[in-house]
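Note sheet for the following structure.
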Amino acid sequence: MEDVPLSAVAAMVGTPVLVVSAAALGAATPRPVPRVQHVLSIRSIASAAVLRRLATESCSADVTSGPEMHQALAAGIPPAEIGFSGSSGNGAALAAALAAGIGRFTLELEEEGALLSALALARGTRARALLRVASLAPNPAAFPAAYNRLSRLAGLDLCGLSISAAAAMEPAAIGTLIGHLRAQGHRVERVDLTAVPGGMDDDALSRCASASDVVLGIPVAGLPPEAAVLLTRVLRVKRTPVGPCIFVDAGRAVFRGFHAVQPRSPHMLARVPGARSPHADPGATLDWVERGDLVMIHPDRDPMSQLVVVDGSRCEMEADRLPAATLAGRAARGYENVTSALPDISHL
């Protein structure tokens with residue numbers, strides 16, 4: 001990946017390991033669009049190294065707890081660009097977020113708004129807040145009434161909405177709600193969406209935001225699938241009537257579900273029939289795969305394994321994901337490959 005052989009990554013940190021390309025990560029980052037702010041969900045990103053790179057692209061962030069807030073701040077995301085949601089009245093978490101200068105709070109309940117207002121007044125400030133829209137049914141008038149009551153709290157600067165995916169609101173309905181609130185004298189400057197309406201790209205969202213004179217916050221997947229591969233080692237190849245079944249040390253059995261394998265040649269990637277591989281060898285087949293080979297899987301989520309970010313010829317390893325005893329053992333061996341230590345699973 002980039003200028004680093006995957007075999008070198010496996011030799012350095014062992015397997016399984018999630019390998020992330022810094023170049024692919026940068027290429028997959030959404031482009032800036034007028035009146036649209038891309039919001040990273042910190043809970044979906046377990047890697048500080050990945051977060052630091054995404055933070056350089058001027059993305060906002062959404063956090064739901066104190067640890068996630070500290071993770072976003074440590075990655076260099078400005079406090080004013082961080083939104084805090086999901087506290088459900090946790091006074092300690094709200095107070096810590098206020099002390100850190102967090103830029104906005106998403107309120108789930110009116111009681112949470114009252115608590116946040118009191119905490120902000122105690123600090124001599126006002127908390128910028130959005131009110132979550134979970135549903136307008138069965139009483140469409142209930143939400144504007146709650147917005148009106150919260151806007152009167154001295155410690156709140158209520159300035160917009162957070163539209164839950166469960167609300168299933170189309171852009172026209174959102175625009176109608178914004179117009180209704182403004183007609184009552186309320187300020188609506190920002191609308192965060194927890195899900196993007198179907199068929200709308202960033203340019204379409206930008207036009208909707210301009211039409212309603214708001215900033216739209218839209219969710220962004222933290223780690224684009226094309227930027228990462230899960231590198232794991234084959235423990236056993238089992239032949240079955242429906243095809244080869246590959247048992248790997250990442251804790252999953254794979255039936256043709258991976259995109260590429262790296263056989264004994266350290267720089268060669270073999271193609272799996274029916275799968276996409278950027279470095280395909282048309283003559284390769286699954287018969288090439290043997291116990292001890294490295295397998296490259298495109299993961300659907302960040303697995304609980306070691307993570308390495310490859311940036312050109314550099315590798316950035318996150319040691320905090322490995323137990324201290326494991327690191328000490330690998331250091332004693334000089335980070336040698338551990339192929340010979342494969343467990344015996346012949347009984348499977």
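Contact check for Leu73 versus Pro79: side-chain heavy atoms found under the 4.5 Å cut-off. At a threshold of 4.5 Å between non-hydrogen side-chain atoms, the residues Leu161 and Asp192 do not count as touching. Under the 4.5 Å side-chain criterion, counting only non-hydrogen atoms from C-beta, Gln184 is in contact with Pro144. Two residues are said to be in side-chain contact when any heavy atoms from C-beta on lie closer than 4.5 Å; Leu231 and Leu294 meet this criterion. In this structure, Glu189 and Val215 have side chains that are not in contact, with every pair of non-hydrogen atoms separated by 4.5 Å or more. A 4.5 Å side-chain heavy-atom check between Leu181 and Asn148 finds every atom pair outside the cut-off.
Side chains of Thr125 and Arg123: no donor on one and acceptor on the other come within 3.5 Å. Side-chain atoms of Arg132 and Ser162 form a donor-acceptor pair, as typed in the model, at a separation below 3.5 Å. Side-chain N/O atoms of Asp62 and Ser85 include a donor and acceptor closer than 3.5 Å.
Among residues two or more places apart in sequence or in another chain, the side-chain contact (heavy atoms from CB on, under 4.5 Å) test is passed with Asp203 by Arg31, Val33, Asp201, Arg207. With sequence neighbours excluded, the residues satisfying side-chain contact (heavy atoms from CB on, under 4.5 Å) with Arg126 are Asp157.
For residues 140-152, the set of pairs meeting the salt bridge (charged side-chain N to carboxylate O under 4.0 Å, His left out) definition, not counting sequence neighbours, comprises Glu110-Arg149.
Remark: Arg104 does not engage Glu81 in a salt bridge, criterion side-chain N to carboxylate O under 4.0 Å.
Residues Ile163 and Val196 share a single hydrophobic cluster, defined by chaining ILVMFWY side chains whose heavy atoms lie under 4.5 Å apart. Leu94 and Leu130 are members of different hydrophobic clusters when ILVMFWY side chains are connected at heavy-atom separations under 4.5 Å. Linking Ile, Leu, Val, Met, Phe, Trp and Tyr residues whenever their side-chain heavy atoms come within less than 4.5 Å places Ile174 and Met200 in a single cluster.
Test Leu51, Ile82, Thr64 against Ile42 for side-chain contact (heavy atoms from CB on, under 4.5 Å) and you get one pass: Leu51.
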Original post:
Going through the checks in order, is the side chain to side chain donor-acceptor pair (under 3.5 Å) test met by Arg35 and Ser212?
Top reply: CA-CA 10 Å; Arg35 289 188 172 273; Ser212 296; over 6 Å; no
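The CG atom of Asp249 sits 7.5 Å away from the CZ atom of Arg233 when rounded to the nearest 0.5 Å.
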